[in-house]
Asker: 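Encoded as structure tokens, here's the structure I'll be asking about.
Read the numbers this way: they start at 1 and go in the same order the structure lists the ligands and their atoms. Residue numbers run from 1 in the order of the sequence given.
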Amino acid sequence: MKVSIIQFAPVFGDVTKTLDKLSPLLDQASGSDLIVLPELANSGYNFKGSDQAFELSEIPEASVFIERLHRFCKTSDCHVVTGFNERSGDNIYNSSFLINQSGITGSYRKLHLFNNEKNYFTPGDRAPEIYSINGVKVGMLICFDWIFPEIWRALAIKGADVVCHPSNLVIPGKAQKATPVHAMVNRYFVITANRIGTEGDLTFTGNSLIAGPDGEVISSGTTSGEEILSAGIDVSRARDKMVTPKNDVLKDRRPEFYQAGSGL
Ligand code: ACM
């Protein structure tokens with residue numbers, strides 16, 4: 001399976017200009033089975049307030065951004081995961097969508113909101129699910145979810161081979177250390193697609209990465225370059241959970257002791 005990340009900077013509040021930027025990058029990444037874009041790729045991140053965050057949200061079914069990605073998936077026989085400022089009634093969610101030739105086939109609403117996101121977004125209201133891409137089991141998490149190992153383990157237990165992780169990371173180096181470790185301890189692949197650029201007082205840290213089941217970083221980006229990172233991944237490696245002939249990282253768990261009195 002060939003996977004790619006498009007590390008770029010959306011144009012804040014201008015979905016048309018963002019698509020002008022993104023379209024040639026999508027064309028360059030075509031030939032991939034799966035392309036992952038950063039968090040909130042349709043709107044940008046650093047909103048002035050909740051009114052602006054709402055104004056820049058889109059209803060997925062009426063979104064020019066989703067429509068363009070859907071068209072790309074149809075012509076390139078590809079899957080795309082993208083972060084998306086999603087409007088649903090009076091609420092907005094920091095979401096991720098999986099798009100294929102038929103349109104949106106999977107979604108996730110960020111469970112753990114970061115800092116000022118709590119002023120704008122409604123927290124995710126459902127557990128992350130696993131979706132199939134030609135038999136490969138794919139889960140989605142978003143950015144600050146990186147600091148909650150429970151949710152990464154939950155996806156492993158649900159059978160994820162690959163976790164797509166659209167991000168707008170602002171704290172240098174921390175998530176980029178953690179997500180290869182999540183890959184290692186769960187023995188799956190992680191695709192952290194971070195953005196670059198500055199919006200107001202926030203600078204995004206790039207260094208997108210693809211990590212494998214031994215915790216190895218297969219491909220990594222620079223801190224500020226617009227880049228496409230690609231890798232061929234052998235998904236069968238994520239189905240082997242053995243770390244020694246006698247240790248299976250999922251079957252050796254002792255959840256009865258984690259749960260007792262812990263609130264887990
Ligand atoms: C983040 O969750 N965007 C840091």
Asker: Check whether any N or O atom of Cys143, backbone or side chain, sits under 3.5 Å from an N or O atom of ligand 1, and answer yes or no.
Answerer: no

Asker: Can you get from Ile6 to Ile66 by hopping between Ile, Leu, Val, Met, Phe, Trp and Tyr side chains that sit under 4.5 Å apart?
Answerer: yes

Asker: Looking only at heavy atoms, is any part of Phe144 under 4.0 Å from ligand 1, and if so is it the side chain, the backbone, or both, or is it neither?
Answerer: both

Asker: Of all the heavy-atom pairs spanning Ser4 and Ile228, show the shortest one and how long it is.
Answerer: CB-CG2, 4.3 Å

Asker: State the atoms of ligand 1, each with its element, that fall below the 4.0 Å cut-off from a heavy-atom position in Glu39.
Answerer: 1 (C), 3 (N)

Asker: Using a 4.0 Å cut-off to any heavy atom of Lys110, which atoms of ligand 1 qualify?
Answerer: 1 (C), 2 (O), 3 (N)

Asker: Look at the aromatic rings of Phe204 and Tyr45 and report parallel, tilted or perpendicular, splitting at 30° and 60°.
Answerer: perpendicular

Asker: Mind listing the closest non-hydrogen atom pair of Lys2 and Gly31 along with its distance?
Answerer: CD-O, 3.8 Å

Asker: Can you give me the closest heavy-atom contact between Ser95 and Arg109, atom names plus distance?
Answerer: OG-CG, 3.4 Å

Asker: Run Ser23 and Arg71 through side chain to side chain donor-acceptor pair (under 3.5 Å) and show every step you take.
Answerer: CA-CA 11 Å; Ser23 292; Arg71 196 151 28 92; over 6 Å; no

Asker: Does at least one non-hydrogen atom of Val170 fall below 4.0 angstrom from an atom of ligand 1?
Answerer: no

Asker: Could you list the atoms of ligand 1 found under 4.0 angstrom from a heavy atom of Tyr45?
Answerer: 1 (C), 3 (N)

Asker: Could you list which atoms of ligand 1 come closer than 4.0 Å to a heavy atom of Glu117?
Answerer: 1 (C), 2 (O), 3 (N)

